[in-house]
Amino acid sequence: MESRTQDIIRQTVIIASASFMLIAAAVGSGAFGGTSVDELQDGALSAQGSYLAPAGPAFSIWSLIYLGLIAYTVWQALPPQRADERQRAVGGWVAATMVLNGLWLVTAQFLTLVLTWIVIALLLATIARVIVLLGRFPAKNLADRILTDGANGLHFGWVTIATVANITAWLTQTVPSSWGDQAEVWAVAVLVVVLVIGAASAWFTGRIAPALATAWGLAWLAVGRLTGEPESTTTAITAIIVAVLLVVAGVVAVLRGRASAGASARA
């Protein structure tokens, strides 16, 4: 009886967290009369805010992420998922990611730039925890794979590049202007770190969703540096190379996972 009550509480908390995320996103994005995202923090978070800011169309992926998280919220609330060990392991963490997701936009709208990158860094760490846990508990069916792994994988992949852009925007506003001479060097170095994180995620989870989301952001980052300000061909080319390598890593990881599953089935 106690486990059943805890399971219902978990499902309810996830529903409440998703509701908070959507309301906070609407408030934080200026849907109810606030400042638009492009103008938040004096434009620091816009597509022109730093060398590592993706071009505007990249942010359309949020619609897919929100849709995936909403679908996951509904699915996990159904009775068959109530006592599922996988959902018991990740449910609380997923709820935390939704709360932090909403808090980021509220922070950007009403608080300071430094707090935005602290919140998004916490969000990234929390989603990383979700991804690690999902790797320990295999998906039980296609719906689980799409809604749990897919939605949270896309969230993780996009927040990876969003965190980089957010922290870089803060540094751009904070460090001495003389540091700008080395901006391309730092941009390339950070993109290499993104490659390592993305490839490691694909390899250890066998999922392609995180790699695809990060590659999407990198592709639009390249567009931004080739067609907008600040212009940087070096950063753009590096971003394209990293995006391609991440997709390749994701495909290899998926094929590796299927091969391992096939070998286990034959054993």
(message) If we ignore hydrogens and angles and just use 3.5 Å, is the side chain of Trp104 paired with the main-chain N or O of Thr116 as donor and acceptor?
(response) yes

(message) So which atom in Ala77 and which in Ile15 form the shortest heavy-atom distance, rounded to 0.1 Å?
(response) CB-CD1, 4.0 Å

(request) Find the distance between CZ (Phe110) and CG (Leu115) and round it off to the nearest 0.5 Å. (result) 14.0 Å

(request) Find out if a path of hydrophobic residues (ILVMFWY) with successive side-chain heavy-atom gaps under 4.5 Å connects Leu218 to Val188. (result) no

(message) How about CH2 on Trp75, more than 12 heavy atoms from neighbouring residues, nucleotides or ligands closer than 6.0 Å, or not?
(response) yes

(message) What verdict does the side chain to side chain contact (heavy atoms under 4.5 Å, CB included) test give for Trp62 and Asn101, after you've listed the backbone C-alpha separation in whole Å, the side-chain angles of each residue and the deciding distance to 0.1 Å?
(response) CA-CA 11 Å; Trp62 275 121; Asn101 183 308; 3.2 Å; yes

(message) Can you give me the closest heavy-atom contact between Thr126 and Ala96, atom names plus distance?
(response) CG2-CB, 3.9 Å

(message) Here's a test for you: under side-chain contact (heavy atoms from CB on, under 4.5 Å), which of Leu122, Thr168, Val194, Leu124 qualifies with Thr163?
(response) Leu124

(message) Can you confirm whether the side chains of Glu184 and Ser232 place a donor and an acceptor under 3.5 Å from each other?
(response) yes

(message) For a quick test of reading the model, state the closest non-hydrogen atom pair linking Asp144 to Ala139 and the distance between them.
(response) OD2-CA, 3.4 Å

(message) As an exercise, state the distance from CE of Met98 to OG of Ser19, rounded to the nearest 0.5 Å.
(response) 9.5 Å

(message) Is any side-chain heavy atom of Leu52 closer than 4.5 Å to one of Leu191?
(response) yes

(request) Please test Leu133 against Trp93 for side chain to side chain contact (heavy atoms under 4.5 Å, CB included), starting from the C-alpha separation and ending with a verdict. (result) CA-CA 9 Å; Leu133 289 172; Trp93 290 99; 3.5 Å; yes

(message) Counting C-beta onward and ignoring hydrogens, is there a side-chain heavy-atom pair between Ser201 and Arg207 closer than 4.5 Å?
(response) no

(request) Kindly give the heavy-atom pair with the smallest separation between Leu105 and Ala24, and that separation in Å. (result) CB-O, 4.2 Å

(request) State plainly whether one hydrophobic cluster holds both Val193 and Leu195, where clusters connect Ile, Leu, Val, Met, Phe, Trp and Tyr through side-chain heavy atoms under 4.5 angstrom apart. (result) yes

(message) Nearest 0.5 angstrom please: Lys140 NZ to Arg145 CZ, how far?
(response) 13.5 Å

(message) Count I, L, V, M, F, W, Y as connected when their side-chain heavy atoms are under 4.5 Å apart, and connections chain through other members. Are Leu221 and Leu245 then in the same cluster?
(response) yes

(message) On a heavy-atom basis, which atom in Phe156 and which in Ile197 lie closest, and how many Å separate them?
(response) CZ-CG2, 4.3 Å

(request) Please work out whether the ring planes of Trp216 and Trp220 are parallel, tilted or perpendicular, with thresholds of 30° and 60°. (result) perpendicular

(request) Report yes if some heavy atom in the side chain of Ile8 is under 4.5 Å from a heavy atom in the side chain of Arg4; otherwise report no. (result) yes

(message) Please say yes or no: joined through hydrophobic side-chain contacts below 4.5 Å, possibly via intermediate residues, are Leu111 and Leu123 part of one cluster?
(response) yes

(request) Find the distance between OG1 (Thr97) and NE2 (His155) and round it off to the nearest 0.5 Å. (result) 5.5 Å

(message) According to a hydrophobic-cluster definition based on side-chain heavy atoms being under 4.5 Å apart (Ile, Leu, Val, Met, Phe, Trp, Tyr only), do Leu67 and Leu142 belong together?
(response) no

(message) On a heavy-atom basis, which atom in Gly250 and which in Ala211 lie closest, and how many Å separate them?
(response) CA-CB, 4.3 Å

(request) Please lay out, stage by stage, how Asp7 and Arg82 fare under the test salt bridge (charged side-chain N to carboxylate O under 4.0 Å, His left out). (result) CA-CA 6 Å; Asp7 289 334; Arg82 183 162 297 156; over 6 Å; no

(request) Mind checking the CG-CD1 spacing from Leu103 to Ile120? Nearest 0.5 Å is all I need. (result) 12.0 Å

(message) Could you walk me through whether Trp158 and Thr214 satisfy the side chain to side chain contact (heavy atoms under 4.5 Å, CB included) test, starting with their C-alpha distance in whole Å, then the side-chain angles of each, then the deciding distance to 0.1 Å, before giving a yes or no?
(response) CA-CA 5 Å; Trp158 173 251; Thr214 303; over 6 Å; no

(request) Please answer whether the main-chain N or O of Thr148 pairs with a side-chain N or O of Asn152 as donor and acceptor at a distance below 3.5 Å. (result) yes

(message) Can you confirm whether Arg86 sits close enough to Arg136 that some side-chain heavy atom of one is under 4.5 Å from a side-chain heavy atom of the other?
(response) no

(request) Test side chain to side chain contact (heavy atoms under 4.5 Å, CB included) on Glu231 and Leu226 and set out the steps. (result) CA-CA 6 Å; Glu231 185 176 352; Leu226 291 173; over 6 Å; no

(message) When you measure from the side chain of Arg225 to the backbone of Ala53, do you find a donor-acceptor pair of N or O atoms at a distance under 3.5 Å?
(response) yes

(request) For the pair Gln87 and Arg10, evaluate side chain to side chain donor-acceptor pair (under 3.5 Å) and give the outcome as yes or no after the intermediate values. (result) CA-CA 9 Å; Gln87 298 307 316; Arg10 184 196 73 243; 5.7 Å; no

(request) Supply the atom-to-atom distance Ile127 CD1 to Leu100 CG, rounded to the nearest 0.5 angstrom. (result) 8.5 Å

